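This report refers to the structure that appears directly beneath it.
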Amino acid sequence: MKVLKFGGTSVGNVENMRQVMKIVNDGEQKIVVLSAMAGTTNFLVELYELTKKRNEGFSVKHKIDVLKEQYIDVVENLYKTDVKKEAMRFVRNRFGKIYQAIDENPRDLEGYILAQGEILSTRLFTYLLKENNIDAECIPALEFMRIDMNGEPDRFFIKKTLGYYMERYPATIYVTQGYICRDFYGRITNLKRGGSDYTASIIGSRLRADNIQIWTDVDGFQNNDPRYVKKTQPISELSFEEAAELAYFGAKILHPQTVFPAQRRNIPVYLKNTLDPKAKGTRISSDVKANGVKAIAAKDGITAIKIKSERMLHSHGYLHKIFEVFSRHETPIDMITTSEVAVSLTIDNAKNLDKIVPELENFAKIEVDQEQSIVCLVGHEITKSNATYKLFGVLKDHTVRMISYGGSSNNISILVDTDKKVEVLNKLHKLVF
Ligand code: ADP
Ligand code: ASP
Ligand code: MG
C-alpha cells in the first residue's frame, strides 16, 4: 500500500486534476490524500472572519456565492458525461449546507467552514475517477481522523476506523481529505495550515505503507527557499532528522510534523512534482548519513526577548524562574543564549507576550524585538563541516541578533530582522553552495 498526497496547486484547476488522475491510475491499490484547491482555504478563513462580524449577513452571502460560482465553473469544465449532473447537485447541496451552518452557528463553526475545501476537492476528484471507470471510493476523514486532548493523533482509533472504512467500501483507489479531523470532544477541527502532509504521514504510518509520497508544485526539497532565492537545487536524499529540522524552521514544502509518524515506522517519504512526475524529487529516509550542509531555511514571525538582571550574577535558579513564566503562559521557547547577566530567547507565539513581559519585569529589565526571522543551515553533523566558517561570512555585512550553535549537530541558526531575511538567505546561498 502506498499513500499519495496532492497539494493545493496539484488539484488547483481542471488540467492539474486530470494530471493527478494520470499519476494515481496505475492499477495499484493506494490511498490518495487531497488538499483543498489552491486558494480555497484562505478564502474560507476570510469567510469565517466575516461570520464573526455582526450585521454582515449580506457580505457573508455574497462571499459564499463567489466561491460557489468558482466550483460550478470547475464542474462545468471537469466532466464530460452525466456525472456532471451528479457533481453539480453535490456542489449546490454543499453550499446550501454552508449557508445553513452559518445560520445555526454551531460551536465548531470555524472547523466546519475550514473543512469544506477538502470535502469539495475530494468529492469532485472521486467523481472524476468514476467518470473514467477507475475503481475509487471517497472515505470521510472526519469519521476516522481524530486527535486526542494533547492534539496528538489518536493512533489506535485511526487505525481501527480507517480499517473499517476500507473494508466496508473496498476499492483500488481510496480518496480522502487531508488536514481535517475531529478533536477529543468530536468537534470538527484541523491539523493546522498545510496539515494535509501530516494526514498522509499519519495514514501511512497507521497502515505501515511501503512509502508516503507528497506531490506538490516543485521538484522536491530545494536547498534554499525558492520563493526568495533564485537557482535553488533539489536535494535528492535527506534524513528524517534533516527534513524535520527544515520543516520546523520554515521550509513550507512540508508541514512541520509530517516527518515523525513516518520516521516512527521507518517509512520513506518521497517529495515529487505533480507537473513533472519524471523529475527525481527527494527521498527522506533513515539511511542518509552524508555530512555537510544540505539546505538553508527561514522562519518568520519570531519575537526576541532580552532579560537582563544583575541579580543573575553568580546566582542559581535564575533560568528556572524565567522558564517557569513562559511555561505557565504555555509559550514554547525556540532559541536561547545566555551571558553573565542576561538571557536572550525567542518565541514564535507572541499571543501571551503582554502577560509574560510584566511578570519578567518584576525581576529583570526586558527588551522585546518583534519581526525577527530565524535563518538556519541544516545538514547531518553540520557543526563538524566548514559551514560554520562560511556562516560567519554573513556576519561581516549583517547585524545578527542571536546565534544558536551546538543545540543539535544538524542545525546552526541565526536571528535577523525579517526585512533583512531575503538578503541573508541569498548571501548565505552564495557562500555555502
Ligand atoms: P502544497 O499546496 O502542494 O502543499 P505548499 O505551497 O504547501 O504546496 O509547499 C510547496 C511550496 O513550498 C513551494 O512551491 C515553495 O515555494 C515552498 N518552499 C519553501 N521552501 C522550500 C524548499 N526548501 N523546497 C521546496 N519548496 C519550498
Ligand atoms: N488546505 C489546507 C491549507 O491550505 C491544508 C493543506 O493544504 O495542506 O492549509
Ligand atoms: Mg503544503
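Keep in mind the model is a prediction, meaning the values are calculated, not measured. Both counts, for ligands and for their atoms, begin at 1 and track the order of listing.
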| Donor + acceptor pair across side chains of Asn42, Arg193 (<3.5 Å) | yes

Residues pairing under salt bridge (charged side-chain N to carboxylate O under 4.0 Å, His left out) where one sits in residues 368-382, two or more places apart or in two chains, turn out to be Asp369-Arg401, Glu381-Lys384

Under 4.0 Å from ligand 1, residues with heavy atoms, in chain and number order, are Lys5, Gly7, Gly8, Thr216, Asp217, Val218, Gly220, Phe221, Gln222, Asn224, Asp225, Pro226, Arg227, Ala251, Lys252, Ile253

Answer yes or no: is there an ion pair linking Lys299 with Asp334, defined by an N-O contact shorter than 4.0 Å? yes

Sorted by chain and residue number, the residues having a heavy atom closer than 4.0 Å to an atom of ligand 2 are Ser35, Ala36, Thr41, Glu118, Tyr179, Arg193, Gly194, Gly195, Ser196

Review point. Side-chain donor-acceptor pair under 3.5 Å between Asn411 and Ser413, yes or no?
Key: yes

So the ring-ring contact (aromatic ring centres under 6.0 Å, His included) pairs with at least one residue in residues 242-290 (sequence neighbours excluded) are Tyr198-His255

TODO: Would you kindly say whether Tyr99 and Asp65 are connected by a side-chain donor-acceptor distance under 3.5 Å?
DONE: yes

Rounded to the nearest 0.5 Å, the CD1 atom of Ile302 sits from the CD1 atom of Ile374 at a distance of 4.0 Å

Check: So, Glu104 versus Gln100: side-chain donor-acceptor pair below 3.5 Å or not?
Finding: yes

Could you tell me whether the side chains of Gln222 and Asn224 share a donor-acceptor contact shorter than 3.5 Å? no

